[in-house]
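Notes for the one structure printed next.
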Amino acid sequence: MSQLYIYNTLSRTKEVFAPINPPFVGMYVCGPTVYNDVHLGNCRTFVSFDLIYRYLLFSGYKVRYVRNITDAGHLEGDRDEGDDKFTKRARLEQLEPMEIVQKYTLGFHDVMKVLNTLPPSIEPTATGHICEQLEMIKTILEAGYAYIVNGSVYFDVERFSSVFDYGALTNRKREELFENTRELHGQDEKRGRLDFALWIKAKPETLMQWPSPWGWGFPGWHIECSAMSKKYLGETFDIHGGGMDLQATHHTNEIAQSKACCKDEPVKYWMHTNMLTVNGTRMSKSAGNGFLPQELFSGTHALLEKAYHPMTVRFFMLQTHYRSTLDFSNDALQASEKGLQRLWNAVNALSKIKPGKQHHNSIDQLDTMCKAAMNDDFNSPVLIATLFEHTALINAAAEGKAELSQDNLNTLKHVYNQYMVEVLGLTPQALKTEYSRALQSAMNLLLQIRTDAKTQRHFELSDHIRKNLEAGGIRIQDHKDGSTWDVM
RNA sequence: GGUCCUGUGGCCGAGUGGCUAGGCUGAGCUCUGCAAAAGCUCCUACAGCGGUUCGAAUCCGCUCGGGACCUCCA
């Protein structure tokens, strides 16, 4: 594919990507609610959109990537009453709500950084955009798609769906939607079963609240994304993304709010990333099967046999297409770790190969093939497979068992570097090449002693050195022209 | 109950109506003092049952299994 195709949830097909105002692209991704630690499932979504962001940049687009931080509101349960998540957590940890926000925002940023995701262009917070949300709610009220009850404002889904298609994103018919929702509780302030809160009246003890035309309160969960995407990307923009779990409720309601406010379809391409599962079941905090990234990097989780490098985790995620579920297991991580190592070995070997006479025409197509993979709805698994397909040849050439022309070598170096580093965002594990001078001189001495022992066929000594170093995490490998070492 | 997705070799995972993805694991060989690494070779699958087709794992139907959403969740 020479053009970029994106699977659009709205149409349920792959569509040619045509930005509204090229070369500019506006992309909004729903970020985390920072009331506790992000788990690996959350991370997967952001790694997926990082891949998408990187490839759009790589393709020459000028992308404004907006990813919000939800730091206010967000009630637990479906009743639009009770405490918000931040107030609850603040009570639990005996902190200010904004301390909770700060703590988990920093934690989120740390994890994003070690996973080598690029920071978004703008990372707006809900609390920083109360005014914009209030303005939007006012507009929706004026348009007649919302109503006020006791200081709270609710969106009138029934009224909205008499004019617009409310269930478009999930392909649901109006009747189905209204039939298949649960009963309203007797004392509920909402008129309709599907109605949702735009603004919620605060109780006196609510810790985070703001003044509004309807009294003190806080925003409903969905309105922040509508308000902030409109502010930074406009009333209509190119891409809106998030996890699939947000599709039915959050994104459906976002579309409703934006249309009620601005009439037009707010987003051209809706993109949804699939879930991370453990033993086939979705990872979620409530199910108690959530992994913290730190548990992976340190290897302290019960399901893991060892620690895994963040780049291994990233590679593991990218080996599955973003719209497929990804099942998490120790074996799968192990396979990714070895595979990634194999790719890096090939990349490193490239710099050592001397150009030969034989030219492989297949390598001329490598860049085209990599592009084709990514143009097909960001198919990173196929991209990775394409990269793997040449590792055997590269390794053979490095051992003098095959030849690669100068052109071949140039192409391979260029393509591997571009796609491994720029597109996939895999950083070479620098740890393995930068050692202290002290360690280097000690190792040089040891290797010299060992080489001498080998020359004199004192294999007990040479094997003793290798075996004991290995037990300490240093691996020695013998080659035709000497020995090398690295830290495992 | 409704909406929808999915079922690929020991494991993880792409994909197309006809030409064995790829990775990991396992076995054999080459190289090697031995290891390791690397190369080569082998193990060749598409849940089941029907149908459409010259031909289907790929399209359609049914059956069985798994999952998501419909309620806070990336």
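Order of the sequence lines fixes the chain letters, A, B, ..., with proteins taken first and strands second; residue numbering starts at 1 for each chain. These numbers come from a predicted model, not from an experiment.
Contacts of A:Ser324 with the nucleic acid, taken as non-hydrogen atoms under 4.0 Å apart, involve only primed sugar atoms and P, OP1 or OP2. Within 4.0 Å (heavy atoms only), A:Ile384 reaches no atom of the nucleic acid at all. At the heavy-atom level, A:Gly242 lies under 4.0 Å from the strands shown only through sugar-phosphate atoms. At a threshold of 4.0 angstrom between heavy atoms, the contacts of A:Thr33 are confined to the sugar-phosphate backbone, with no base atom among them. Residue contacts shown for A:Thr249 are limited to sugar-phosphate atoms, with no base heavy atom under 4.0 Å away. No engagement by A:Leu387 is indicated, since no non-hydrogen atom pair under 4.0 Å with the nucleic acid exists. A:His479 comes within contact range of no nucleotide atom at all, as no heavy-atom separation falls under 4.0 Å. Using a 4.0 Å heavy-atom distance criterion, A:Gly31 is classed as a sugar-phosphate-only contact. Residue A:Asn395 is in sugar-phosphate contact alone, with no base atom involved, counting any heavy-atom pair closer than 4.0 Å across all strands shown. Within 4.0 Å (heavy atoms only), A:Arg466 reaches at least one base atom of the nucleic acid. Nucleic acid contact for A:Phe388: sugar-phosphate only, since backbone atoms but no base atoms lie under 4.0 Å from a heavy atom of the residue. Residue A:Thr273 is classed as having no contact, given no heavy-atom separation below 4.0 Å to the nucleic acid. When heavy atoms are screened at a 4.0 angstrom cut-off, A:Met275 is found touching base atoms of the nucleic acid.
The shortest heavy-atom contact between A:Phe378 and A:Met271 is CE1-CE, 3.7 Å. The shortest heavy-atom contact between A:Leu340 and A:Met311 is CD2-O, 3.6 Å.
Looking at the side chain of A:Thr320, the nearest of the listed nucleotides B:G13, B:U25, B:G39 is B:G13. Of the candidates B:C70, B:C72, B:A14, the closest approach to any side-chain atom of A:Ala248 belongs to B:C70. Side chain of A:Lys454, nearest nucleotide from B:A74, B:G23, B:G33: B:G33. For A:Val382, taking side-chain heavy atoms from C-beta onward, the closest of the listed nucleotides B:C11, B:A14, B:G33 is B:A14. Of the candidate nucleotides B:G22, B:A74, B:C12, B:G22 has the atom lying nearest to any side-chain atom of A:Glu389. Nearest to the side-chain atoms of A:Arg450 among the listed nucleotides B:G23, B:G33, B:A14 stands B:G33. Checking B:A74, B:G13, B:A35 against the side-chain heavy atoms of A:Thr45 singles out B:A74 as nearest.
Contact between the side-chain N/O atoms of A:Thr325 and the OP1/OP2 oxygens of B:C5 is not found at any separation under 4.0 Å. Distances shorter than 4.0 Å separate some side-chain N or O of A:Asn379 from OP1 or OP2 on B:G15. Contact annotation: A:Lys338 reaches the phosphate of B:U25 (side-chain N/O to OP1 or OP2, under 4.0 Å). The phosphate of B:G39 (OP1 or OP2) has a side-chain N or O of A:Arg342 nearer than 4.0 angstrom.
With hydrogens and angles ignored, no donor-acceptor pair under 3.5 angstrom links the side chain of A:Asp245 to the base of B:C72.
The residues A:Arg191 and A:Asp195 are annotated as not salt-bridged, no charged nitrogen and carboxylate oxygen being separated by less than 4.0 angstrom.
Evaluation of A:Phe46 against the base of B:A74 yields no stacking contact (centre distance < 5.5 Å, interplanar angle < 30° required).
Taking atom C1' on both nucleotides, B:G9 is separated from B:C43 by 9 Å, rounded to a whole Å. For the C1' atoms, the distance linking B:C64 with B:A27 amounts to 35 Å, nearest Å.
Nucleotide B:A68 holds its C1' atom 14 Å from the CG atom of A:Asp327, rounded to whole Å. Rounded to whole angstrom, the span from the CD1 atom of A:Ile200 across to the C1' atom of B:C72 amounts to 12 Å. Protein atom CD1 of A:Ile476 is 17 Å distant from nucleotide atom P of B:A35, rounded to whole Å.
B:G1 and B:C70 make up a base pair, with Watson-Crick or G-U wobble contacts both under 3.5 Å.
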